Colleague: 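Here it is, the structure, as structure tokens.
All values derive from a computational prediction rather than experimental measurement. Below, read A as the first sequence line, B as the second, and so on, with proteins coming before strands; counting in each chain starts at 1.
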2 protein chains.
Amino acid sequence: MGTVDVPEATVARLPQYLRALSAFADAGARTVSSEALAEAAGVGSAKLRKDLSHLGSYGTRGVGYDVEQLRRQIADRLGQTTSWNVVIVGIGNLGHALAGYGGFASRGFRVVGLFDDGPQVVGEVVSGLPVRPLEELGEVLRPGEPTIGVLAVPAEHAQGVCDRLVAAGVTSVLNFAPTVLRVPAGVDVRKVDLASELQILAFHAQRKATRAVAPLPAPAAPAAAPLPVHPLDAVRPRVGEVV
Amino acid sequence: MGTVDVPEATVARLPQYLRALSAFADAGARTVSSEALAEAAGVGSAKLRKDLSHLGSYGTRGVGYDVEQLRRQIADRLGQTTSWNVVIVGIGNLGHALAGYGGFASRGFRVVGLFDDGPQVVGEVVSGLPVRPLEELGEVLRPGEPTIGVLAVPAEHAQGVCDRLVAAGVTSVLNFAPTVLRVPAGVDVRKVDLASELQILAFHAQRKATRAVAPLPAPAAPAAAPLPVHPLDAVRPRVGEVV
DNA sequence: AGGCTCTTGTGAACCCATGCACAAAGTCGT
DNA sequence: ACGACTTTGTGCATGGGTTCACAAGAGCCT
Ligand SMILES: NC(=O)c1ccc[n+]([C@@H]2O[C@H](COP(=O)([O-])OP(=O)(O)OC[C@H]3O[C@@H](n4cnc5c(N)ncnc54)[C@H](O)[C@@H]3O)[C@@H](O)[C@H]2O)c1
Ligand SMILES: NC(=O)c1ccc[n+]([C@@H]2O[C@H](COP(=O)([O-])OP(=O)(O)OC[C@H]3O[C@@H](n4cnc5c(N)ncnc54)[C@H](O)[C@@H]3O)[C@@H](O)[C@H]2O)c1
């Protein structure tokens, strides 16, 4: 079944499934239905089943999925069987937070190097690791072990640093700087853009506000609720739809 | 024209376009072609034009788009004409970094409150703002001014804090905790999940690695590969395309 | 054994998004 | 004034992803 070609949208959800599965495992559950797992992961059950089918799942009809087996299978697919090396470049405001983040290690990511070029930052020890100058990048990267580079430098330096990472053999980059990175084919870049996220929220908030003033479908409706929604009309919790 | 119904995928790209436009404006350009702007934003030109058409764009054929006019139009759509209030809850590792982030203010987001419940954190002044206990949330939120809540608390407290934000009238939430938030309809949630991003990168890196071991045009696999993929799906070569 | 209940896996319809290709519409040079 | 050139805006085809709905499979109970 699902050897090659796992759809990208599915891949993006696997981490969520994995987290939910771990929660079920911790709670002592031995099996889960697609319904329960989907609920915990915040998606529809049909989507979940289709996603799992893409990687050749082993559910048993009438029962559900074996928690431990499925957890291991997804973990395998996400490469969690081996531990990945991570280097962080730019140990400023954000870099400090990232360097001390426990969510890395618990998911098989090992921070093996911190880099910066600020004279007063280099040499500092952050979360047990010394901050090194970028020149020492080569001493940390092992050719055999694929390494993920995390960029937390100012936007104007991001491309330059990225180039150096790529030149040193990094083929996976997570970019926090609000800029478009250009990389050769074969190199993966994902970006986390905080300002964009806020802007998208603002767009929707604005849309909600203008809608409230001039509602489209029912013009005859009298005063709608002045403040949007009541928090505890909890008849249906309804997961917030995102992308 | 694009009054209502801007596709979600388009909305997600508007911030990128806006950034690229600002760069062109700073460089002194008065007009840009869709080709140039798309290049700067890292998308295809056709996609860009279609996106702009959704919001009723005013390009002139043969010339391109007026930089300033388009910039203002997108800024309007993203709600940047008014300044949005932002509260950050959880002033730990990450919260400190967020509170000090300059990318907020420069895009019309004003941090109006920092909240935490740790005794040694409350009272501390971070980036010019005092850290307050959550109880004072009501004192900061103004009913008339929509406010965006940023969650940087540990995962196990995220839902509880979110509920309190929603109860206080917040209808837009940006969540950094690796957990699924349940909110009533009408509340927007977006999440930033660092660990997931790394896992997705790891997935692709692993795929690249196994592809390298067993290249595509090799129909007759000699012996089973050492460890890579599951035994049951060795069948079906299926010439994969590069991404 | 047989029927009942539960749940998976998936075919098929639908919706959204992407990319192509080109006519319409404008500018610029002569 | 006009033709050549440039670039937008969009119709259309294609593809990916989501959702529905249900038959097939698995356990359980009598
Ligand atoms: N702070 C946040 O909350 C936040 C949030 C989202 C995105 N970002 C983005 O993350 C990046 C970093 O933000 P920050 O607030 O940590 O900035 P910062 O200025 O605090 O830190 C940047 C660090 O990068 C180092 N640096 C600069 N140029 C370098 C180079 N060429 N090589 C190596 N190191 C270099 C600097 O010495 C500094 O320590 C920025 O692009 C910012 O837009 C930050
Ligand atoms: N540090 C990172 O780089 C990073 C990266 C990605 C995601 N995250 C996530 O962001 C969240 C915060 O991470 P962190 O590293 O800053 O953790 P942290 O422990 O350093 O900070 C958490 C803060 O939240 C406060 N807090 C706890 N419960 C609270 C409550 N009920 N009400 C108000 N405040 C409360 C704590 O007092 C503490 O100051 C976590 O969910 C983490 O998984 C962190």
Colleague: Can you tell me the distance, in whole Å, between the CD atom of A/Glu8 and the P atom of C/dT18?
Modeller: 14 Å
Colleague: Can you confirm whether A/Arg182 is buried at CZ, in the sense that more than 12 heavy atoms of other residues, nucleotides or ligands lie under 6.0 Å from that atom?
Modeller: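 More than 12 within 6.0 Å, yes.
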Colleague: Are the side chain of B/Thr147 and the backbone of B/Glu145 linked by a donor-acceptor contact shorter than 3.5 Å?
Modeller: yes
Colleague: Can you measure A/Leu55 atom CG to C/dT8 atom P for me and round it to whole angstrom units?
Modeller: 15 Å
Colleague: Over how many whole Å does the gap from A/Leu14 atom CG to D/dG17 atom P extend?
Modeller: 13 Å
Colleague: Please state how far atom CD in A/Glu35 lies from atom C1' in D/dC20, giving the value in whole angstrom units.
Modeller: 14 Å
Colleague: Quickly work out the A/Asp51 CG to D/dT18 P distance and round it to whole Å.
Modeller: 7 Å
Colleague: Find which nucleotide of DNA chain C each of A/Lys50 and A/Tyr65 is nearest to by heavy atoms, and output the residue with the more 5' nucleotide.
Modeller: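 This one resolves to A/Tyr65.
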Colleague: Would you mind reading off the distance between A/Arg13 atom CZ and D/dT19 atom C1', rounded to a whole angstrom?
Modeller: 12 Å
Colleague: With a 4.5 Å cut-off on side-chain heavy atoms, are B/Leu181 and B/Leu151 touching?
Modeller: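 Contact flag for B/Leu151/B/Leu181 side chains = yes.
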Colleague: Sugar-phosphate means primed atoms, P, OP1 and OP2; the rest is base. With that split, encode nucleotides 22-30 of chain C 5' to 3' as B, S or - using protein heavy atoms under 4.0 Å.
Modeller: --BBSS---
Colleague: Nearest 0.5 Å, please: how far is CG in A/Leu48 from OG in A/Ser33?
Modeller: 9.0 Å
Colleague: Nearest-nucleotide wise, let me know which of B/Gly64 and A/Lys47 is further upstream toward the 5' end of DNA chain D.
Modeller: B/Gly64
Colleague: Can you list the residues that meet the side-chain contact (heavy atoms from CB on, under 4.5 Å) rule with B/Asp66, with sequence neighbours excluded?
Modeller: B/Glu68, B/Gln69
Colleague: Whole angstrom is fine here: how far is it from CG in B/Leu48 over to P in C/dT18?
Modeller: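 Distance, rounded to whole Å: 12 Å.
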Colleague: Where along residues 22-30 of chain A does a heavy atom fall under 4.0 Å from DNA chain D?
Modeller: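 Going residue by residue through residues 22-30 of chain A, none turns out to have a heavy atom under 4.0 Å of DNA chain D.
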Colleague: Does any N or O in the side chain of A/Lys191 come within less than 3.5 Å of the main-chain N or O of A/Leu174, such that one atom is a donor and the other an acceptor?
Modeller: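 Judged by distance alone, no pair lies under 3.5 Å.
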Colleague: Counting distance only, does the side-chain N/O of B/Trp84 pair as donor-acceptor with the main-chain N or O of B/Gly79 below 3.5 Å?
Modeller: yes
Colleague: For B/Glu35, is the CD atom crowded, meaning more than 12 foreign heavy atoms sit under 6.0 Å from it?
Modeller: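 Result for CD/B/Glu35: open.
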Colleague: At less than 4.0 Å, is any side-chain N or O atom of A/Ser34 found next to OP1 or OP2 of C/dT8? Yes or no.
Modeller: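 For C/dT8, OP1/OP2 do have a side-chain N/O of A/Ser34 under 4.0 Å.
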Colleague: Rounded to the Å, how far apart are B/Leu52 CG and C/dA17 P?
Modeller: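 So the CG-P distance, B/Leu52 to C/dA17, works out to 16 Å.
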Colleague: Can you tell me how far CG of B/Asp76 sits from CZ of A/Phe203, rounded to the nearest 0.5 angstrom?
Modeller: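 Atom-to-atom, A/Phe203:CZ and B/Asp76:CG are 12.0 Å apart.
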Colleague: Students often get this wrong, so: under 4.0 angstrom with heavy atoms, is B/Gly44 touching a base, only sugar-phosphate, or nothing?
Modeller: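 If one applies the 4.0 Å heavy-atom cut-off, B/Gly44 turns out to touch nothing in the nucleic acid.
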